[in-house]
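Atoms within each ligand, like the ligands themselves, are counted from 1 in listed order. All values derive from a computational prediction rather than experimental measurement.
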Amino acid sequence: MTTTSAFLKGKKALVLGGSRGIGAAVVERLAADGATTAFTYSGSKDAAEALAARSGAAAVQADSADREAVAQVIAGQGPLDILVINAGVAVMGDPLEIAPADVDRLIDINVRGPYHAAVEAARKMPDGGRIIVIGSVNGDRVPFAGMTAYSLSKSAIQGLVRGLARDLGHRGITVNNVQPGPVDTDMNPADGPLRDLVHPVMAIKRHAKPAEIAGLVAYLTGPEAGFVTGAQHTIDGGFGA
Ligand code: NDP
């Protein structure tokens with residue numbers, strides 16, 4: 001059973017990339033914990049509207065690769081207590097074959113987007129605010145070929161949270177990286193092609209449910225996590241153990 005309370009009542013939260021998967025679970029969890037929650041989406045309008053209807057969160061269309069569009073959404077929310085940067089894409093395959101434009105777009109969404117969004121939100125974030133980025137265990141460990149661009153982008157998030165935690169610590173703002181292992185979403189379905197590759201090397205041989213990742217995010221947003229910053233929080237069923 002998931003236990004929640006309204007410990008985020010009075011807080012304003014924005015989740016970038018919240019229409020599906022881990023982001024949608026985070027939206028539902030933050031709204032259930034009492035935060036006034038908004039989220040962005042890119043292409044999944046129907047899923048975004050359904051999530052807004054069931055969670056009470058507000059949906060706003062904005063491509064995370066578009067710095068100006070995301071900055072406008074952030075400015076439009078007013079001061080944010082919580083920013084969760086979840087939007088991410090994966091481009092897998094032989095780097096000698098992958099189209100350079102696909103890698104550039106991945107870097108725009110997975111690296112440039114998080115940097116600029118975090119900085120824009122920090123401008124007006126009150127003291128004690130929370131910035132959380134969804135990275136990946138592949139920021140630490142790349143056990144298969146074909147993941148170079150993706151793992152590059154997730155390693156970059158580690159540096160982002162370390163640096164920004166230093167820059168914002170004097171305001172009591174925490175900046176953290178949540179690094180999931182395999183999670184059952186459209187990006188990596190539990191019955192998809194990665195299952196037989198990754199389950200044998202895990203201590204807990206299954207994909208996570210998105211709600212399990214949202215639980216760790218919720219902890220990091222809460223009052224007990226004010227001393228947790230600049231850190232990488234791996235939640236991977238022992239994938240990297
Ligand atoms: P999904 O592909 O299932 O969902 C991705 C979400 O991000 C969707 O809501 C999508 O919105 C949004 N998104 C993607 N691109 C953009 C964009 N350009 N602008 C705005 N929103 C965007 O992915 P997951 O839920 O699996 O992944 C979420 C995060 O977790 C990613 O950063 C991913 O790298 C990371 N992760 C996932 C793991 C897994 O095994 N699933 C493991 C480790 C990390 P829309 O559909 O509207 O475009």
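- Using a 4.0 Å cut-off between charged side-chain N and carboxylate O, Glu212 and Arg29 make no salt bridge.
- In terms of polar-atom proximity, Gly21 is not counted as a contact of ligand 1, lacking any N or O under 3.5 Å from an N or O of the ligand.
- By the criterion of a heavy-atom distance under 4.0 Å, neither the backbone nor the side chain of Ala24 is placed next to ligand 1.
- The residue Asp184 has no part lying near ligand 1, judged by heavy-atom distances below 4.0 Å.
- At a 4.0 Å cut-off, at least one heavy atom of Gly135 sits close enough to ligand 1 to count as contact.
- In terms of protein heavy-atom proximity, atom 40 (O) of ligand 1 is nearest to Val183 N, 2.9 Å.
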Query raised in the report: Are Arg130 and Thr221 close enough, and set up right, to give a side-chain hydrogen bond (donor to acceptor under 3.5 Å, both in side chains), and what steps lead you there?
Result: CA-CA 6 Å; Arg130 303 282 196 260; Thr221 65; over 6 Å; no

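- In terms of polar-atom proximity, Thr40 is not counted as a contact of ligand 1, lacking any N or O under 3.5 Å from an N or O of the ligand.
- The only option from His233, Gln158, Arg141 that meets the side-chain hydrogen bond (donor to acceptor under 3.5 Å, both in side chains) definition with Gln179 turns out to be Gln158.
- Residue contacts with ligand 1: Ala62 is included, with a non-hydrogen atom under 4.0 Å away.
- Between Glu120 and Arg67, none of the side-chain N atoms (NZ, or NE/NH1/NH2) sits under 4.0 Å from a carboxylate O, so this pair counts as no salt bridge.
- Polar contact with ligand 1: present for Thr185 (N/O pair, distance under 3.5 Å).
- Residue Asn188 has at least one N or O atom closer than 3.5 Å to an N or O atom of ligand 1.
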Requested in this report: Could you walk me through whether Asn138 and Ser151 pass side-chain hydrogen bond (donor to acceptor under 3.5 Å, both in side chains), step by step?
Outcome: CA-CA 5 Å; Asn138 297 128; Ser151 61; over 6 Å; no

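- In this structure, His199 and His207 have side chains that are in contact, with non-hydrogen atoms separated by less than 4.5 Å.
- When the options Lys45, Arg20, His207, Met187 are ranked by their closest heavy atom to atom 23 (O) of ligand 1, first place goes to Met187.
- The shortest N or O to N or O distance between Gly43 and ligand 1 is under 3.5 Å.
- At a heavy-atom distance under 4.0 Å, no atom of Gln61 approaches ligand 1.
- If you look at Pro182 next to ligand 1, the close heavy atoms, those under 4.0 Å, all belong to the backbone.
- The part of Ile109 lying near ligand 1 is the side chain, judged by heavy-atom distances below 4.0 Å.
- Inter-residue side-chain proximity for Leu30 and Lys11 is flagged as unmet; no heavy-atom pair is nearer than 4.5 Å.
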